[in-house]
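Before any comments, here is the structure.
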Amino acid sequence: GCAQRLPGAPAGSPGARRLSNRSRRLDCGSRAGGSAEWGSSDEQRRGPRVSGDTDQEEMFPTKKSAVLMDGVILNGPTTDVKAGEKFVEEACRLIMEEVVLKATDVNKKVCEWQPPEQLKQLLDLEMRDAGEPHHRLLELCKDVIRYSVKTNHPRFFNQLYAGLDYYSLVARFLTEALNPSVYTYEVSPVFLLVEEAVLKKMIEFIGWKEGDGIFNPGGSVSNMYAMNLARYKYCPDIKEKGLSGLPRLILFASAECHYSMKKAASFLGIGTENICFVETDGRGKMIPKELDKQVSRARKEGAAPFLVCATSGTTVLGAFDPLDEIADICVRHGLWLHVDASWGGSALMSRKYRKLLHGIHRADSVAWNPHKMLMAGIQCCALLVKDKSVSFPLSAFGQ
Ligand code: PLP
């Protein structure tokens, strides 16, 4: 009888099931704050062990506000609230002093570089059976900061970074502190609406009248989802029939496309040999005439073209494929057009550079990573889809 229900969620509903999963996870005990003693059910029934020594006290804080049912603690392990709050406060101060306030200091090093074997000696990464006292955990936090690359540093130059964005940082603090999951409205009412609003804005920038989208872990995953959608559109019974009985599906991408195309073709059972890499010009842009020729050739050879992946901002050269001309070819051959704008999508927000993506509104799907050029925290990646029909994207993902 320990499954809890969300207000308004009927027993057995997804909300109720998910919450009871979370209760189970809490029962496993966590290392920080020293909850490791809650390993055996005997100990759980007896209640917390209280120690006299200060370090021990910190390691095994007294349980507070335990909710008991039939002698079993339902909300365990509950750590000492006051000690926990103090720990969070001290850790936040440390992050403020050592990360945020030093982020703009050019006199500080970007990194205290150590080769892996030496770094292993300097860091205490052993996972022990017992918990650690708070002061040790704070020492560990200091070491994590000390030996990490300061990606916010003004002298840190890398594709994904350009200093510290204070506002996206606070947004991340908030999401971490609230620990939401956008799987249901009951669990995450605000963030669900936030997701909807952000996707809507991105869809507006693309220039679609309507659309749908999903955030996911990486542009590579967005590209794979897009490939899956395009294949589903081409053969809607793929979910039931699987790969058997399909013709030889073939897709087209520029020779400069991201390697995630190969990965996706391999994961989805399409096969890397069924990607036709289209020749590019001296600037790394796909040559539309070459694409047209390759599609016709593939058809003549008996293959089934189903998708063209154009790139807006190629990984190495930063080239933007000519989307309008590519879209014409897709219309002529009846092919799904996916634009991998993982990197270059954010140029849509620049009055000066948005012309580089001219024609993107004609795409069926777009991958766009605001963490790359918009300074959103890593990861922030969206796959946007023009076809808003309720069942289509969900059907393609097997729901
Ligand atoms: N597509 C392009 C053009 C990229 O440059 C990248 C990454 O650099 C990706 C896709 C993959 O994005 P992620 O690293 O988020 O999976």
Side-chain angles (χ1 to χ4, degrees), residues 149 151 156-162 165 168 171-172 175 182 195 198-199 202 205-206 213-231 251-268 270 272 275-281 283-288 291 307-323 326-327 336-350 353-360 363-385 397:
V149 174
T151 62
F156 179 67
F157 299 107
N158 186 279
Q159 299 93 316
L160 302 178
Y161 302 92
D165 185 308
S168 94
R172 279 179 283 157
T175 52
V182 286
E195 182 186 35
V198 174
L199 290 173
M202 294 173 92
F205 272 105
I206 289 170
I214 185 168
F215 284 99
N216 55 59
S220 305
V221 175
S222 295
N223 288 337
M224 184 165 72
Y225 280 178
M227 210 176 275
N228 191 47
L229 285 168
R231 183 173 64 177
L251 66 110
F252 304 81
S254 93
E256 291 289 330
C257 74
H258 190 254
Y259 65 84
S260 54
M261 292 302 163
K262 272 191 170 174
K263 215 158 54 165
S266 152
F267 274 18
L268 294 174
I270 290 167
T272 54
I275 306 178
C276 180
F277 293 104
V278 180
E279 203 183 320
T280 54
D281 64 16
R283 298 291 299 274
K285 299 180 196 178
M286 188 191 280
I287 303 172
L291 171 67
L307 164 69
V308 173
C309 294
T311 312
S312 290
T314 58
T315 315
V316 179
L317 295 172
F320 287 75
D321 288 342
L323 300 181
I326 292 173
W336 180 284
L337 173 58
H338 171 63
V339 178
D340 176 7
S342 293
W343 180 62
S346 299
L348 283 171
M349 304 182 89
S350 153
Y353 293 109
R354 60 179 310 152
K355 60 175 186 271
L356 292 169
L357 295 109
H358 180 70
I360 194 164
D364 295 289
S365 56
V366 173
W368 179 358
N369 291 6
H371 77 238
K372 288 200 198 293
M373 234 197 292
L374 278 187
M375 304 281 287
I378 293 170
Q379 295 265 1
C380 181
C381 309
L383 173 69
L384 302 139
V385 189
F397 293 130

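First listed ligand is number 1; within each ligand, the first listed atom is number 1. The figures here come from the full heavy-atom set of this structure, side chains too, leaving out hydrogens, waters and symmetry mates. The first residue of the sequence shown is numbered 1, and numbering continues consecutively from there.
- At under 3.5 Å, not a single nitrogen or oxygen of Ser260, backbone or side chain, sits near a nitrogen or oxygen of ligand 1.
- The atoms of ligand 1 that sit less than 4.0 Å from any heavy atom of Gly313 are 3 (C).
- Although no hydrogens or angles enter the test, the distance criterion places no donor-acceptor pair under 3.5 Å between the side chain of Asp364 and the main chain of Trp336.
- Within the 4.0 Å heavy-atom cutoff, Asn369 counts among the residues contacting ligand 1.
- One finds the OG atom of Ser350 at 8.0 Å from the NZ atom of Lys355 (value rounded to the nearest 0.5 Å).
- Comparing heavy-atom distances from atom 13 (P) of ligand 1 across Pro217, Ala367, Gly219 singles out Gly219 as nearest.
- The residue from Val221, Ile214, Val366 that alone fulfils the side-chain contact (heavy atoms from CB on, under 4.5 Å) condition with Leu383 is Ile214.
- Residue contacts with ligand 1 for Ser342 involve side-chain atoms from C-beta outward but no N, CA, C or O (heavy atoms, distance under 4.0 Å).
- Proximity to Gly218 (heavy-atom distance under 4.0 Å) selects the following atoms of ligand 1: 15 (O), 16 (O).
- The number of heavy atoms from other shown groups lying within 6.0 Å of NZ (Lys285) does not exceed 12.
- Looking at Thr314, its side chain does come within 3.5 Å of a backbone N or O of Ala319 through a donor-acceptor pair.
- At least one side-chain heavy atom of His338 sits less than 4.5 Å from a side-chain heavy atom of Asn223.
- The shortest contact between atom 7 (C) of ligand 1 and any protein heavy atom is with Lys372 NZ, 3.0 Å.
- Shortest contact from atom 1 (N) of ligand 1 to any protein heavy atom: Asp340 OD2, 2.7 Å.
- Residue Thr315 has at least one N or O atom closer than 3.5 Å to an N or O atom of ligand 1.
- Expressed to the nearest 0.5 Å, how far CE of Met227 lies from OG of Ser260 amounts to 7.5 Å.
- Residue nearest to atom 11 (C) of ligand 1, selected from Gln379, Lys263, His258: His258 (by heavy-atom distance).
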